[in-house]
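Below you'll find the structure I mean.
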Amino acid sequence: MSVRILDVREITQPISSPIRNAYIDFTRMTTSLVAVVTDAVRDGRRVVGYGFNSNGRYGQGGLIRERFAPRILEADPASLLDDAGANLDPDRIWAAMMQNEKPGGHGERSVAVGTIDMAVWDAVAKIAGQPLFRLLAERHGVQADPRVFVYAAGGYYYPGKDFSQLRAEMRSYLDRGYTVVKMKIGGEPIDQDRARIEAVLTEIGSQARLAVDANGRFDLETAIAYAKMLRAYDLFWYEEAGDPLDYQLQAALAEFYPNPMATGENLFSHQDSRNLLRHGGMRPDRDWLQFDCALSYGLCEYQRTLKAVRDAGWSPRRCIPHGGHQMSLNIAAGLGLGGNESYPDLFQPYGGFPDGVRVEDGHITMPDLPGIGFEGKSDLFRVMRALAE
Ligand SMILES: O=C([O-])CC(=O)C(=O)O
Ligand SMILES: [Mg+2]
């Protein structure tokens, strides 16, 4: 029984809010929602795979419509199937999308491809009748672990937000079961950020740990000044201090910051990730890698990134992807990552978990839903279905 891709649809949707990090605001943020419509039928329904890109980059409608969707639709359908001919082959679809693309310069193209790739994997797992995390574990010959660590990202700057609101936000994450919370830094003078950090630490006490995220804002001097301030606190991590591609800055910073650091959400290929591991002075015994497949050519590429991680002597457990989407939850549960980001109050309906999934002691347990599990999140599935039907 063969499978054909009948259509690849895209719509650009707002995920805007008045929040701001040290680099951008989200007042005009958008995401691309993609549906890969197949002719396969499971449980009496046509199989449609869905994908979207992570927050922080914008919708990719132009690239998807002009280059990547046509390449899939114009390919010989048989060339997109696995050897048995019974399911789609994500790597072959990926290769079809990337034909006539030069290497290097991994930017927005990687977001467009990653978005379609998410939808392809969703379709493949649905056609196989499995949750994606179980399919992945099986393909890699490893044991799936449906229990995944998640942390609550927030603590943004926004107009009129004072310490009491920041504390209340963090308290609400603790009330919802999180044990690690994250806040933004670098958007105000260092003394003001120090006061914000102390306010949050007072609020969370010994109930949770705090991570801070500078969103690539600092030059080396400022990154070091913050390192000296931050190292007095027992933080979960100090994230993206300098420009994502400035590996020398990252390496130099390690001299001033013995505690855990994190970066990688703005590296969009396995080659860029490998360069971070080669030249960024990151320490495999304590630091964290945040590569996000939805921004970086998808899961086909993320598997190559994981190989680069292992080849550099790191454990996949040191990976906690950026983005807060269910795709990375599946990868974490299927391939043994250290966990996943979560934005409890932001970027809805795209982020979060299937309905009924609760955070307990900083972990969620993946339900056994076919594919990525979008059908289990009713607000999200409503927008998805509107695109495909
Ligand atoms: O504010 C953003 O762009 C999101 C971000 O860095 C994160 O979730 O780590
Ligand atoms: Mg970040």
Side-chain angles (χ1 to χ4, degrees), residues 1-11 32-53 59-130 132 135-136 138-140 268-271 293-305 307 327 330-331 370-372 374 384 387-389:
M1 197 175 49
S2 172
V3 181
R4 261 186 99 122
I5 294 178
L6 302 177
D7 202 4
V8 178
R9 294 183 197 159
E10 189 276 345
I11 184 171
S32 273
L33 175 62
V34 162
V36 168
V37 182
T38 77
D39 67 353
V41 174
R42 292 290 179 277
D43 300 325
R45 292 179 70 110
R46 178 184 295 290
V47 173
V48 181
Y50 295 99
F52 52 85
N53 63 270
Q60 301 291 321
L63 289 180
I64 291 171
R65 277 192 294 274
E66 287 169 21
R67 293 221 298 285
F68 298 109
R71 284 186 191 143
I72 295 175
L73 296 171
E74 285 160 16
D76 172 8
S79 72
L80 305 179
L81 298 178
D82 60 16
D83 286 342
N87 202 336
L88 300 169
D89 185 316
D91 289 303
R92 288 177 182 162
I93 296 172
W94 196 91
M97 283 196 277
M98 288 296 285
Q99 65 185 275
N100 276 327
E101 296 285 329
K102 286 175 123 180
H106 307 286
E108 300 288 294
R109 168 180 79 185
S110 63
V111 184
V113 172
T115 305
I116 299 175
D117 174 275
M118 188 190 291
V120 168
W121 280 97
D122 186 37
V124 165
K126 283 172 181 163
I127 290 167
Q130 281 185 303
L132 178 59
L135 177 129
L136 278 178
E138 207 173 279
R139 288 191 175 189
H140 284 254
F268 290 166
S269 65
H270 81 271
Q271 294 92 341
C293 68
L295 300 176
S296 55
Y297 294 114
L299 173 54
C300 290
E301 178 75 359
Y302 194 80
Q303 291 174 98
R304 292 186 277 274
T305 300
K307 180 173 184 308
M327 181 71 175
N330 276 276
I331 302 174
I372 295 173
F374 297 135
M384 290 180 156
L387 176 62
E389 285 176 5

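We use all heavy atoms of the structure for the numbers below, so side chains are in, but hydrogens, waters and symmetry mates are not.
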Original post:
Which is it for R42 and K126 under the side-chain contact (heavy atoms from CB on, under 4.5 Å) test, yes or no, and what are the steps along the way?
Top reply: CA-CA 8 Å; R42 292 290 179 277; K126 283 172 181 163; 5.7 Å; no

Subject >> Under 3.5 Å donor-acceptor, E301 side chain and G298 backbone >> reply: no

**OP:** Output all residues satisfying salt bridge (charged side-chain N to carboxylate O under 4.0 Å, His left out) with R9, sequence neighbours left out; order by chain, then residue number.
**Re:** D7

Subject >> Minimum heavy-atom distance T38-R46, with the two atoms named >> reply: O-NH1, 2.9 Å

Subject >> More than 12 heavy atoms from other groups under 6.0 Å of CD on E66 >> reply: no

**OP:** Could you tell me whether D43 atom CG has more than 12 heavy atoms of other residues or ligands within 6.0 Å of it?
**Re:** no

Original post:
So which of N330, L136, L88 actually passes side-chain contact (heavy atoms from CB on, under 4.5 Å) with W121?
Top reply: L136

Subject >> Pairing residues for D117 by the salt bridge (charged side-chain N to carboxylate O under 4.0 Å, His left out) criterion, not counting sequence neighbours >> reply: none

**OP:** Compare all side-chain heavy atoms of F374 with those of M118 and state whether any distance is below 4.5 angstrom.
**Re:** yes

Subject >> I64 CD1 to N53 CG distance, which is reported to the nearest 0.5 Å >> reply: 7.0 Å

Subject >> Shortest non-hydrogen separation from A35 to L387 and the atoms involved >> reply: N-CD2, 3.6 Å

Original post:
Of the options L81, N87, D39, which is the one that meets S2 in a side-chain contact (heavy atoms from CB on, under 4.5 Å)?
Top reply: L81

Subject >> Side chain proximity check, P90 to L299, heavy atoms < 4.5 angstrom >> reply: no

**OP:** Output, in order, the C-alpha distance, side-chain angles, deciding distance and verdict of side-chain contact (heavy atoms from CB on, under 4.5 Å) for S296 and T305.
**Re:** CA-CA 10 Å; S296 55; T305 300; 5.8 Å; no

Original post:
Do the non-hydrogen side-chain atoms of R65 and E10 ever get within less than 4.5 Å of each other?
Top reply: yes

Subject >> Candidate pair I5 and I93, rule side-chain contact (heavy atoms from CB on, under 4.5 Å), full reasoning >> reply: CA-CA 10 Å; I5 294 178; I93 296 172; 3.9 Å; yes

Subject >> Nearest non-hydrogen partners of V3 and A40, listed with the distance >> reply: CG1-CB, 4.2 Å

**OP:** Applying side-chain contact (heavy atoms from CB on, under 4.5 Å), run through R109 and M98 and close with a yes or a no.
**Re:** CA-CA 10 Å; R109 168 180 79 185; M98 288 296 285; 4.0 Å; yes

Subject >> Which atom of C293 lies closest to which atom of I331, heavy atoms considered >> reply: SG-CD1, 3.7 Å

Subject >> For D83, all residues meeting salt bridge (charged side-chain N to carboxylate O under 4.0 Å, His left out), sequence neighbours excluded >> reply: R92

**OP:** Would you name the heavy atoms of C300 and D91 that are closest together and state the gap between them?
**Re:** SG-OD1, 3.3 Å

Subject >> Side-chain donor or acceptor of Q271 paired with backbone N/O of G104 under 3.5 Å >> reply: no

Original post:
At their closest point, which heavy atom of G371 faces which heavy atom of D122, and how far apart are they?
Top reply: CA-OD1, 3.4 Å

Subject >> Test salt bridge (charged side-chain N to carboxylate O under 4.0 Å, His left out) applied to R139 - qualifying residues, sequence neighbours left out >> reply: none

**OP:** Using the test side-chain hydrogen bond (donor to acceptor under 3.5 Å, both in side chains), find all partners of Q60 that sit at least two apart in sequence or belong to another chain.
**Re:** E108

**OP:** Among residues two or more places apart or on two chains, list those pairs meeting ring-ring contact (aromatic ring centres under 6.0 Å, His included) that have a residue in residues 84-114.
**Re:** W94-Y297, H106-Y297

